[in-house]
Peer 1: 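Quick one: the structure is below, questions incoming.
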Amino acid sequence: MPSVDQHDPNRVIVFDTTLRDGEQAPGFSMGVEQKLEMAHALAALGVDIIEAGFAAASPGDEEAVRVVSGEVEGPVFCSLSRATESDILAAHRALSHNRRRRLHIFLGTSPIHRQAKFNMTADEVLEQAVNAVSFARTMFDDVEFSAEDAIRTEPEFLADVLEAVAIAGAHTLNVPDTVGYSTPAEIHELFDYLKRRVIDNHPDTILSTHCHDDLGMAVANTLAAVKAGARQVEVAINGIGERAGNCALEEVVMALRTRADQFGLTTSVDTTKLVGVSRLLSKVTETPVPRNKAIVGINAFAHEAGIHQHGVLADARTYEIMLPQDVGFDGASFVLGKHSGRHAVSKRASVLGHDLTGNLLSAVFAGFKRRADEIGEIDDTELLAIIHSATSDQHEHRGAHAPA
Ligand code: KIV
Ligand code: ZN
């Protein structure tokens with residue numbers, strides 16, 4: 001039996017690989033303490049499965065899987081494993097403290113992997129996959145199989161492998177786009193075919209999608225696979241992962257939620273924690289989140305253009321498709337700069353305790369535009385300085401014209 005309920009056809013299982021595929025990318029490596037801190041945050045976020053590492057990769061990785069899966073409660077914990085007995089045993093040792101565990105076995109199935117990596121025939125690859133899953137099932141109730149480089153594998157052979165490992169006891173059949181090569185239309189067609197060929201004959205299994213972002217299509221491809229029947233998404237916070245990264249968790253979850261009219265599917269993620277987890281990852285890996293990053297970048301809900309600011313102040317729905325609070329921001333943030341209008345400047349001044357009208361507002365707005373041309377963004381301190389300067393200019397001006 002898989003440790004996550006796979007029977008609800010309207011629910012997408014969120015498998016987080018920030019601590020494995022994400023962590024194995026240059027610049028994102030994490031020690032045990034960092035993984036622990038992140039795993040607590042991911043558990044609070046509500047992900048279903050945490051892939052905590054690749055136990056056989058190094059003693060450090062085995063230790064991290066052991067500590068994290070032993071200390072954090074909530075999600076199912078998982079270790080990656082090659083299709084070999086020694087890897088499977090290492091993962092079993094590392095996960096022995098937690099009953100809610102999954103083994104994730106991968107084996108390359110594409111012609112290039114079969115020839116260049118293994119020098120094996122297709123039949124030999126299929127046999128190794130089945131043997132590994134059968135052996136794993138003697139110690140794990142929940143086994144996932146990944147056909148590495150599935151997208152470049154012949155579809156009929158891919159279906160043969162997935163069907164054979166399903167019969168051997170794998171409940172989750174993962175179809176990775178290992179090299180980020182697919183397109184939404186292509187992956188949709190493939191998942192549609194696999195669903196009809198494999199899943200419909202093995203109703204206790206589900207298809208999973210795992211997309212890389214080499215061509216910038218990881219999120220689009222993941223959503224296309226979901227639309228064609230995938231019920232598990234493999235994702236990472238901030239989209240970190242090998243090369244250009246993995247599919248970003250926050251983007252897929254918010255797309256499913258915001259476009260429920262298109263998908264009609266739910267996840268267990270508490271979206272109000274997305275920004276917090278994103279910031280934590282940025283802190284532990286010392287890597288800033290790009291300002292324009294979808295969902296969690298600081299510009300994601302910031303409006304600078306005057307016309308946009310005016311619209312959002314009148315009704316946020318003019319330029320916002322999600323509420324900032326829904327992903328964990330305090331509120332819409334207005335970046336004041338040279339494109340901002342008088343309305344936004346007066347509104348911010350009012351929040352700062354200055355209700356500007358008439359000539360004073362005109363003077364502040366003129367000073368604001370001059371300063372914005374010089375330095376770009378105008379923060380609260382700058383705005384207050386402009387207001388003070390305009391106010392004292394007006395006082396002096398009045399004083400100069402006061403009757404003697
Ligand atoms: O990209 C990939 O193929 C992987 C597998 C190990 C699932 O990360
Ligand atoms: Zn991957």
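Order of appearance sets the numbers: ligands from 1, and atoms from 1 within every ligand.
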Peer 1: Consider side chain to side chain contact (heavy atoms under 4.5 Å, CB included). Of L173, I199, L158, which one does L194 pass it with?
Peer 2: L158
Peer 1: One residue to check: D21. Relative to ligand 1, which of side chain, backbone, both or neither has a non-hydrogen atom less than 4.0 Å away?
Peer 2: side chain
Peer 1: I'd like the atom name of the N/O/S atom in H210 lying closest to the Zn ion (ligand 2).
Peer 2: NE2
Peer 1: Could you point out which residue of H339, E320, H308 forms a side chain to side chain donor-acceptor pair (under 3.5 Å) with H303?
Peer 2: E320
Peer 1: Looking at atom 4 (C) of ligand 1, what's its closest protein heavy atom, distance included?
Peer 2: H210 NE2, 3.5 Å
Peer 1: Checking side-chain polar atoms at under 3.5 Å, does R101 have a donor or acceptor matched by the opposite partner on S79?
Peer 2: no
Peer 1: Would you say H210 and D21 are linked by a side-chain donor-acceptor pair, where the criterion is simply a distance under 3.5 Å?
Peer 2: yes
Peer 1: Quiz question: by atom type and distance under 3.5 Å, do the side chains of S110 and E148 form a donor-acceptor pair?
Peer 2: no
Peer 1: Please determine whether salt bridge (charged side-chain N to carboxylate O under 4.0 Å, His left out) holds for the pair K338 and E377, giving the CA-CA distance in whole Å, both sets of side-chain angles, and the decisive distance to 0.1 Å.
Peer 2: CA-CA 8 Å; K338 65 179 178 181; E377 208 173 292; over 6 Å; no
Peer 1: Report the part of R20 (side chain from C-beta onward, or backbone N, CA, C, O) that has a heavy atom under 4.0 Å from ligand 1; answer both or neither where that applies.
Peer 2: side chain
Peer 1: So among D48, T267, D5, which one has a side chain to side chain donor-acceptor pair (under 3.5 Å) with R11?
Peer 2: D48
Peer 1: Does the residue H104 have a heavy-atom contact with ligand 1, meaning some pair of atoms that are separated by less than 4.0 Å?
Peer 2: yes
Peer 1: Identify, by atom number and element, the atoms of ligand 1 in contact range of H212, meaning under 4.0 Å from any of its heavy atoms.
Peer 2: 1 (O)
Peer 1: Please list, in number order, the atoms of ligand 1 under 4.0 Å from a heavy atom of S146.
Peer 2: 7 (C)
Peer 1: Would you name the N/O/S atom of H212 that lies closest to the Zn ion (ligand 2)?
Peer 2: NE2
Peer 1: Distance to 0.1 Å, residue and atom name: give those for the protein heavy atom nearest to atom 3 (O) of ligand 1.
Peer 2: T178 OG1, 2.6 Å
Peer 1: Please identify which atoms of ligand 1 are closer than 4.0 Å to at least one heavy atom of E148.
Peer 2: 3 (O)
Peer 1: Taking 4.0 Å as the limit for heavy-atom contacts, which would you say applies to E234 with ligand 1: side chain only, backbone only, both, or neither?
Peer 2: neither
Peer 1: Can you say whether the rings of F106 and F54 are parallel (under 30°), tilted (30 to 60°) or perpendicular (over 60°)?
Peer 2: perpendicular
Peer 1: Check D21 and report its N/O/S atom nearest to the Zn ion (ligand 2), by atom name.
Peer 2: OD2
